[in-house]
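Order of the sequence lines sets the chain letters (A, B, ...), proteins ahead of strands, with each chain counted from 1. In this text the structure is predicted, and so the values were computed from the model without any measurement.
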There are 2 protein chains.
Amino acid sequence: MPTDGPGSANPARTLGLLWGPQDRTGRSGLSIRAIVDAAVDLADTQGMDAVSMRQVAEKLGVGTMSLYTHVPGKTELTELMSDRALADLYRDVDEPRSQGDWRSGMTFVAHRNWDLYLRHPWLLELLGFRPVVGPHLSDKYEAELRPLDGIGLSDVEMDSALTLVLTHVEGAARAHQAQIGARQESGRTDAQWWVQVGPILEKVMDTDRFPVSGRVGSAAGQAHQAPGDPRHMLDFGLARILDGVHGLIGNRG
Amino acid sequence: MPTDGPGSANPARTLGLLWGPQDRTGRSGLSIRAIVDAAVDLADTQGMDAVSMRQVAEKLGVGTMSLYTHVPGKTELTELMSDRALADLYRDVDEPRSQGDWRSGMTFVAHRNWDLYLRHPWLLELLGFRPVVGPHLSDKYEAELRPLDGIGLSDVEMDSALTLVLTHVEGAARAHQAQIGARQESGRTDAQWWVQVGPILEKVMDTDRFPVSGRVGSAAGQAHQAPGDPRHMLDFGLARILDGVHGLIGNRG
DNA sequence: GTCTAAGCCGTACGCTGTACGGTACGACGT
DNA sequence: ACGTCGTACCGTACAGCGTACGGCTTAGAC
């Protein structure tokens, strides 16, 4: 019985919680929705580490164990959180309707997901487990597939292409979050980090052993003033990926 | 002071540990290398959750607090682990030398990283923080840049392209690990999961509201017999990405 | 009014990382 | 050979975690 990391032991139970009514309140006003909202708020403001059953309960003015009346455990709570986080940004399925070409549509999708991760960075810590198919994720999936519909991809290719874009954004967001986190932990900006660490690395990495990476690493470091630039990474990768998808269409004739 | 999540508060200290001598042993045979090896072995066989200071110490037949003589804390230990994990696969910098075209070279790089994550899945849990620039990562960076050298990319583009490929592989590996983890947690295969959950989803997702995703999701589910196919995801994405990079070269003339 | 089910929650257990202070040993100066 | 000192080692303790268990309290059915 792991104490950490989401991943419901009983998917059916979680599905019931996700799709069922979440507003049924008990006699102290407690409800699934209230619990999840409190947890999300805690995660947004103080990070996922602050989301403990004790702290969520305290925020609600309720005993710790009362939460277990409504939620089977922390695993399920985090799964509910990850669906709730999508509620803000994907309320209207129809918004990015088929206006414009597919490329600008997918760019919109990518930036929307980027914003999502900026707003709820803790989502990155919950990902990487069996996808939680909640109502809001379904809306999201529908909305994000539409730009790819009818442009010459097979159904399976549509799914693959979307997954590719979403995975890329997730990776870029993870890199971005890495910078933020490390920055405020060390109290140093990236530029300062580069100034401090750069010389050490140059000393330890003799150019004989690292001819290519010495040159390239310096160039990239100079260009970004940091060990990496997630925002540039997002745009560069998205451009290459969309080019690749374009080629997939073209080759069909 | 966070109790969880790597990210050294003192990067210089970690750098010293990474690049300095790790074999200096005390009077009970304890050394940085021994500690890190024990931790890696624990993570490989029982997952990252099993890597606690107490368990590592017990595995070494040593008191828990003795570890702190050699390692400042768990944060630094995990950083040392992530560099050590690269040791097996990237011992020889020169192996994937400029034989063959760049495309097959990068395919080799991608599969090598895929293998890395299969062998040490816990690496995925440590990523997403400031990159730990250890000696083995430096070897890796050098080796992986070489296929891209001299094919018409700028230095910054070389770095971007490599990052793109590596991020993609990481995402695919994360999806793969999600399947593994959830599978052995629920005791169900993906096919069984699909059989169990599929009907529930079809009932709850009326086709009026989800016209595109209903069709595409079914097709993808049928094709993969699972909510996703990480291995297919790896190949499909890599092909699109390399096509995109090829286009970047071609456009230059 | 009574009974029952469900909501609420205090306590306790085993786990975590690590601060602190004490012990014991290896090396070195004399 | 002997005292001294730095350092390796480690026992204990503390705050925090998820949650099992059992008891209390209350709303609703009859």
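Between the C1' atom of D/dC17 and the CE atom of A/Met65 lies a distance of 13 Å, rounded to the nearest Å. Regarding A/Arg54, its CZ atom lies at a distance of 12 Å from the C1' atom of C/dC15, rounded to whole Å. Rounding to whole angstrom units, OH of residue B/Tyr68 and P of C/dG17 are separated by 6 Å. For A/Ile32 and C/dG7, the CD1 to P distance is 10 Å, given to the nearest whole Å. Between the CE atom of A/Met48 and the C1' atom of D/dC17 there is a distance of 13 Å, given to the nearest Å. For the pair A/Asp49 CG and C/dG17 P, the interatomic distance rounds to 13 Å; values are reported in whole Å. The NZ atom of B/Lys74 sits 13 Å away from the C1' atom of D/dC17 (whole-angstrom rounding). Rounding to whole angstrom units, CG of residue B/Leu67 and P of D/dC9 are separated by 10 Å.
Put simply, CD on B/Glu144 and CG on B/Asp159 are 11.5 Å apart, with the number rounded to the nearest 0.5 Å.
Between A/His70 and C/dC8, a side-chain N or O to OP1/OP2 separation shorter than 4.0 Å is present. Considering only side-chain N and O atoms, B/Ser28 lies nowhere under 4.0 angstrom from the phosphate OP1 or OP2 of D/dA8. OP1 or OP2 of C/dG7 has not a single side-chain nitrogen or oxygen of A/Ser66 nearer than 4.0 Å. Contact annotation: B/Thr64 side-chain N/O to D/dC10 OP1/OP2 distance is not under 4.0 Å. In this model, the phosphate group of D/dG16 is not approached by any side-chain N or O of A/Gln55 to a distance below 4.0 Å at OP1 or OP2.
Heavy-atom contacts from other residues, nucleotides or ligands closer than 6.0 Å to CZ of B/Arg119 number 12 or fewer.
The shortest heavy-atom contact between B/Met53 and B/Leu67 is O-CD1, 3.3 Å. When all heavy atoms of B/His70 and B/Leu17 are compared, the closest pair comes out as O-CD2, 4.1 Å.
Annotation: B/His232 is in aromatic contact with B/His224 [ring centroid separation under 6.0 Å].
Judged by distance alone with a 3.5 Å cut-off, no donor-acceptor contact links the side chain of B/Arg27 to the base of C/dG26.
A/Val71 comes within 4.0 angstrom of nothing in the nucleic acid, heavy atoms only.
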